[in-house]
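Written below as structure tokens is the structure these notes are about.
For reference, positions follow the sequence shown, starting with 1. In what follows, every heavy atom counts, from backbone to side chain, and hydrogens, waters and symmetry copies are set aside.
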Amino acid sequence: MSERPQFIDRFRAWTPHRWYILFWVLLGLAPMVVAGKDDPGASRYWSMGLPVVLGLCYLITRVFPGNPVLRPNAFPGVLIVGLGAMAYTRDGGATAYAASLPHFWFPARDPGSAIVFGGLAAAATVLGGVAPQGWSPDLLTGNTLATVIAYAVSVPIGLSVHRFVEQSGERERVLGSELASAQQRLAEANQRRGAAEERERLAREIHDTLAQGFASIIVLAEAARSGIATDPATSGRQLLSIEHTARENLAEARVLVGSAPQSGVVPGSVARTLRRTLDRFVEDTGITVEAELPDVECDQQTRIALLRCTQESLANVRKHASAGTVGVVLARYTHGVELEITDDGRGFVVDEARGFGLDGMRRRLAELGGEFTVTSSVGDGTRILAMIPTDGQE
């Protein structure tokens, strides 16, 4: 049973040229060999041997096209001689001629040469058929008429097929050109899309890292300048925080230009990473933070995404919320990791919110298959929930 599909596939894979060769052997050469068995004397060997020799000559040109004796482009000449010889040895040469006509069209460089070779083969077949009659042959034999009719019919059919093949080739060239053009346009579109995606990624990374750091530096610098005369100790701590933030921004900048390991986040558990961020936030703003940060295991991409969401949320609290308390809860469930950040600030109307930060967080989580939800109303604070799916392992 397993052989049948393979046989059918090979059967269907045959080209028209192969089908013709099978037709030529079965209907052109084989009948001459079979009929020659009944010929008397030595003529039997010529009648049976000539078709076999023609078949072997063709086989040589196909299997060994570079052989020095019989080149493929010389086979039509050999076939002309062979057709004349077969017509001379016995009747029925018109059948072999008609079956052999495509041989003059397949390798032809142009229709004219095919017509000439076909005509020469027809003449050789007619002359071979009438030669045994002597100097006054009867040209109006069935073999002669069949040969002439076969040649006359083959010319318009061959021209039609040649024109069809040329048109098909032209269509193929046009389609190939259109395909190449479409592939080029697709490659250019992919390149533009890749460049746009890379610009968007860089913009998001700059916003989530450098821009937030510079905003923090500005706020701390203003506070330190205003209190440097009255509260030098606090101003000193603020200047130290400015130094730390500037160093972090420098590290992030090196990551963005590719001179440092990707991510710019120190390896470690997500809980410790978030705790350091929250401690800096408390130190810089004085806002109370209530955090539940269990030691949750997650991959580097998830850890970076949770850190960026936390940094963006805390930056928004600092700039807009006027909150007194911030709550941060990290939890691991079977479906993934969840991070909830709440504040008791002034809140806002979510549908009216405009800005790169929230959209950037939403896209960042979407790239990981996660969800980002913002819940807020004026006077009731804000709740941000980030969920990133995992493989379900505890």
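- Within the 4.5 Å cutoff, the side chain of Ser313 has heavy atoms near those of the Met361 side chain.
- Put simply, the side chain of Leu127 does not reach to within 4.5 Å of the side chain of Tyr88, judged on heavy atoms.
- Atom CZ in Arg362 sits 11.5 Å away from atom CD in Glu371 (nearest 0.5 Å).
- Between the side chain of Arg383 and the backbone N or O of Ile341 there is no donor-acceptor pair closer than 3.5 Å.
- In the hydrophobic clustering of ILVMFWY residues, with side-chain heavy atoms under 4.5 Å counting as a link, Val78 and Tyr58 come out together.
- Within the 4.5 Å cutoff, no side-chain heavy atoms of Leu385 are placed close to those of Leu339.
- Both Leu368 and Val270 sit in one connected hydrophobic cluster of ILVMFWY residues. Membership requires side-chain heavy atoms under 4.5 Å apart, directly or through other members.
- Thr273 and Arg303 share a donor-acceptor pair across their side chains, judged by distance under 3.5 Å alone.
- For the pair Thr302 (side chain) and Cys298 (backbone), a donor-acceptor distance under 3.5 Å is absent.
- For Arg173, the side chain to side chain contact (heavy atoms under 4.5 Å, CB included) partners are Glu170, not counting sequence neighbours.
- Formation of a donor-acceptor pair under 3.5 Å by the Thr285 side chain with backbone atoms of Phe281 is found in this model.
- With Thr390 as the partner, the side-chain contact (heavy atoms from CB on, under 4.5 Å) test is satisfied by one option alone out of Val337, Thr334, Asp299: Val337.
- In the hydrophobic cluster analysis, where Ile, Leu, Val, Met, Phe, Trp and Tyr join through side-chain heavy atoms closer than 4.5 angstrom, Val81 is grouped apart from Trp46.
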Under 3.5 Å, which donor-acceptor pairs do the side chains of residues 93-103 form with other protein atoms, sequence neighbours left out?
unit_1, atom_1, unit_2, atom_2, d
Tyr97, OH, Gly118, O, 2.9
Ser100, OG, Trp24, NE1, 2.8
Ser100, OG, Ala96, O, 2.7

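- Nearest heavy atoms, Ile287 versus Thr325: CG2-N, 4.1 Å.
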query: Could you go step by step and tell me if Thr373 and Ile384 meet the side-chain contact (heavy atoms from CB on, under 4.5 Å) rule?
result: CA-CA 6 Å; Thr373 306; Ile384 289 177; over 6 Å; no
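- In this structure the side chain of Leu306 reaches within 4.5 angstrom of the side chain of Ile388, judged on heavy atoms.
- The hydrophobic clustering, which links ILVMFWY residues whose side-chain heavy atoms are closer than 4.5 Å, places Leu27 and Leu29 together.
- Clustering ILVMFWY residues whenever any of their side-chain heavy atoms sit less than 4.5 angstrom apart, transitively, puts Ile21 in the very cluster that holds Leu54.
- Residues Ser160 and Ile157 have side chains not in contact (no heavy-atom distance under 4.5 Å, counting atoms from C-beta outward).
- For the pair Leu278 and Leu293, the minimum side-chain heavy-atom distance is below 4.5 Å.
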Check residues 149-156 and write down every donor-acceptor pair under 3.5 Å in which the side-chain atom is one partner and the other belongs to a residue at least two apart or another chain.
unit_1, atom_1, unit_2, atom_2, d
Tyr151, OH, Ile115, O, 3.1
Ser154, OG, Ala150, O, 3.4
Ser154, OG, Tyr151, O, 2.7

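- Taking 4.5 Å as the limit, some side-chain heavy atom of Gln311 sits within range of a side-chain heavy atom of Thr277.
- Side-chain contact annotation: Arg171 with Ser168, donor-acceptor N/O pair under 3.5 Å present.
- Residues Ser322 and Arg346 bring a donor and an acceptor atom of their side chains to less than 3.5 Å of each other.
- Remark: the backbone N or O of Gly381 is not paired with any side-chain donor or acceptor of Asp344 at under 3.5 angstrom.
- Side-chain contact between Val52 and Val33 is present, with at least one heavy-atom pair separated by less than 4.5 Å.
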